Amino acid sequence: MPNAFLQTPVEYLKGVGPQKADILKKEMGIFTYGDLLSLYPFRYEDRTKFHQIKEITADLHYVQIRGRFVSVRSIGEKRAKRMSAIFRDSTGDIELVWFQGIKWLLDKFKGDKEYIVFGRPAQYNGKWNIAHPEVEEVSDENTRLANAMQPVYPSTEKMKAKALDTKGIARLLKPLAGLMKGRIDEILPPEVMLQMKLVTREEAMSNIHFPSSQENLRKAEFRLKFEELFFIQLKLLKLKAFREEQFKGFVFSSVGARFNEFYKNHLPFPLTNAQKRVIKEIRNDTGSGKHMSRLLQGDVGSGKTLVALMAMLLALDNGFQASIMAPTEILANQHYETMSAFLAGMDVKIGLLTGSVKTAARKVLHRDLESGALDILIGTHALIEEGVKFKNLGMVVIDEQHRFGVEQRSKLWKKNIRPPHVLIMTATPIPRTLAMTLFGDLDVSVIDELPPGRKAVRTLHKYDSHRLEVFGFIREQIKLGRQIYIVYPLIKESETMDYKDLEDGYESIMRAFPLPQYKVSILHGQMKADAKDFEMNRFVKGETNIMVATTVIEVGVNVPNASVMVVESSERFGLSQLHQLRGRVGRGADQSYCVLMSSNKLSSDARLRMNTMIRTNDGFEIADVDLRLRGSGDITGTQQSGELNLKIADLAQDAQILQYARNSAGAVLNADPHLDKPENQTAKERLAELAKETTNWSRIS
Ligand code: ADP
Ligand code: MG
């Protein structure tokens, strides 16, 4: 086994008894030497730099000063007793205090010697002091430089209780770094090492913990980030290559009658250039004999549905059936209605299959699907899972499913000996780096243009104290014939607190907007599906003025007459969610508004989210800010799915390294598609090892 050393159980390390081992496992998932070595410092204290006393400010986590003791004395009585020293450099004095070990310290510091003091500055009565600093005599400059960059490790309360604070962790890693010398095998192909000018794995692992210089630290970081991203890309690209090799795609050789008829006679408006480009990309894929797996990214309202429809017509023209899968019944219904309207007067048979379709009707659908009498089937998830049989399904469109992970996607392909072309449409734009990582096995199309003539939604931020003013505005809009959404946060569908927010909100809305003048709908996750549909349909048909809801309405619903989106407690929403919600309005000809309500107390992150929403309507820009604020692990539920568990790379910052990693992985696979060459064996083994790690349930303690 390569790198057997790294598989050594962490208990074998000197200083790790059963208790510490247990804490390391539970708190950090550290089972082996390798795990411990990949607990990376999150910052470093630079011990080569000295601060001047007069320059100390509140933003410094720590300071290092070089100077002499002017006085050392004990002050106070009994419990208040402490030792106070005045330390001086060429720019001023600072007080150093100790509350323990006083007797021993009193004689320790000599006035004629030079010392280095290190610690966290604090202000007391307007003066700076440092409590319990580290003090050492200036003597051996070389050892100082060797310890130039001190690692600071993440730790938890439970770890600290077992002496596993940052220092405790460093005390374990120091000897481990010694032990590993000569025992860390290289896992990247030599070609890649050379081309990217990477330091060896061993050098990187050593320097990431105990950097011998800034330069070496930078090289170590680059190498480890590259390695992490390289193997993700290698996995994705290998999967993609495997799929393309394994499955021949159905060839849609002609653009035929129905596509052309629709384009010439039924299209209600000219396509945007972006829509045209994407349709071309789909045509190229499906005409080539390759199996299409394409991700379609486009902001809310950019017209993805129409692109999907035209892609499906391509399938029909070549003798195949097509299908579109939506995440909810409401959306499936809506697609059914939209597509039926688009195709009115054309010879295309569309069916709708959801949980609500009665047995008799379902039987007819099944029969027509198998005989080929039905061209397009629209439905929910159940569509592929229920053993629904198509005569010849050639194209599947999956709508609003950015939570569909790699694993689920591969299930889709495995279902069929010869799988249909797949077009996945995301509801929310995601930054390029994230798309490359989460959907790196797919080809990506982007609609980066909204249909002309849209009025941008105006976004306002209002404190709760201005609620009456907002209610007044809502009344005006209703008088103009518009409809209003009022959305309450819901973190988990079952959380009683959130539910209460909604109930209270609903009651206060009913009081402020009484019958018979106003009619209010309510929608939340705990309602039965048919009750939900009933309420939603009342709103869609314009029978109610206000829709009070939780985020269940977040995805996809289209009510062009709704012109105001009020988001309650908006500080509790993430940016992409806010953007999704805002996308529910601005779909008609009227000026629309998004009102973000919040309490007066806002964290700086919450304030940045508000300001971002007010500043821009561009989903891609919003996604970038979101990524920077939350980090990649947190975006779009990827943390739960465990798909993105990056230890060192940061998708918000390392776009360039990611691109290098993808290019390198692509080049390696180009030259050696199955990784058969001897020089790629270690990389191949590493891939297998990583695959095991993600599915190793025994590691969950
Ligand atoms: P999304 O990308 O969010 O799914 P939709 O496909 O629902 O967006 O499109 C939003 C609205 O824009 C729909 O009412 C649709 O009919 C309309 N639309 C789509 N393409 C165009 C276009 N090229 N010109 C004008 N309106 C368009
Ligand atoms: Mg849509």
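Keep in mind the model is a prediction, meaning the values are calculated, not measured. Note that ligands are numbered from 1 as they come in the structure, with each ligand's atoms numbered from 1 the same way.
- Distances from atom 1 (P) of ligand 1 to the heavy atoms of G298, P452, G301 show the closest one on G301.
- Not less than 6.0 angstrom separates the ring centroid of Y506 from the ring centroid of Y488.
- Counting heavy atoms closer than 4.0 Å to ligand 1, residue I447 contributes nothing at all.
- Contacts with ligand 1 closer than 4.0 Å are made by backbone heavy atoms (N, CA, C, O) of P270 only, the side chain lying farther away.
- Within ligand 1, counting atoms from 1 as listed, the ones closer than 4.0 Å to a heavy atom of T305 are 4 (O), 5 (P), 6 (O), 7 (O).
- Judged by a 6.0 Å distance limit and a 45° cone about the ring axis, R584 is not positioned over the six-membered ring of Y485.
- Defined by atom type and a distance below 3.5 Å, a donor-acceptor pair is missing between the side-chain atoms of E329 and T380.
- Atoms of ligand 1 lying under 4.0 Å from at least one heavy atom of G303, given by number and element, are 1 (P), 2 (O), 5 (P), 6 (O), 8 (O), 9 (O), 19 (C).
- Within the listing of ligand 1, atoms 3 (O) sit less than 4.0 angstrom from a heavy atom of V300.
- Heavy atoms of M425 found under 4.0 angstrom from ligand 1: none, in either backbone or side chain.
- Proximity to D299 (heavy-atom distance under 4.0 Å) selects the following atoms of ligand 1: 2 (O).
- Distances from atom 11 (C) of ligand 1 to the heavy atoms of Q580, Q334, R454, K276 put R454 nearest.
- For ligand 1, the atoms lying closer than 4.0 Å to a non-hydrogen atom of T272 are 23 (N).
- Formation of a donor-acceptor pair under 3.5 Å by the S293 side chain with backbone atoms of L442 is not found in this model.
- Within the 3.5 Å criterion, the main-chain N or O of G379 finds no donor-acceptor partner in the side chain of T354.
- In this structure, K391 places its NZ atom where only 12 or fewer heavy-atom neighbours from other residues, nucleotides or ligands lie under 6.0 Å away.
- Ring pair Y593/F473: centre-to-centre distance below 6.0 Å.
- Only the backbone of L271 comes within 4.0 Å of ligand 1, judged by heavy-atom distances.
- Looking only at distances, no side-chain donor or acceptor of R294 sits under 3.5 Å from a matching main-chain atom of D443.
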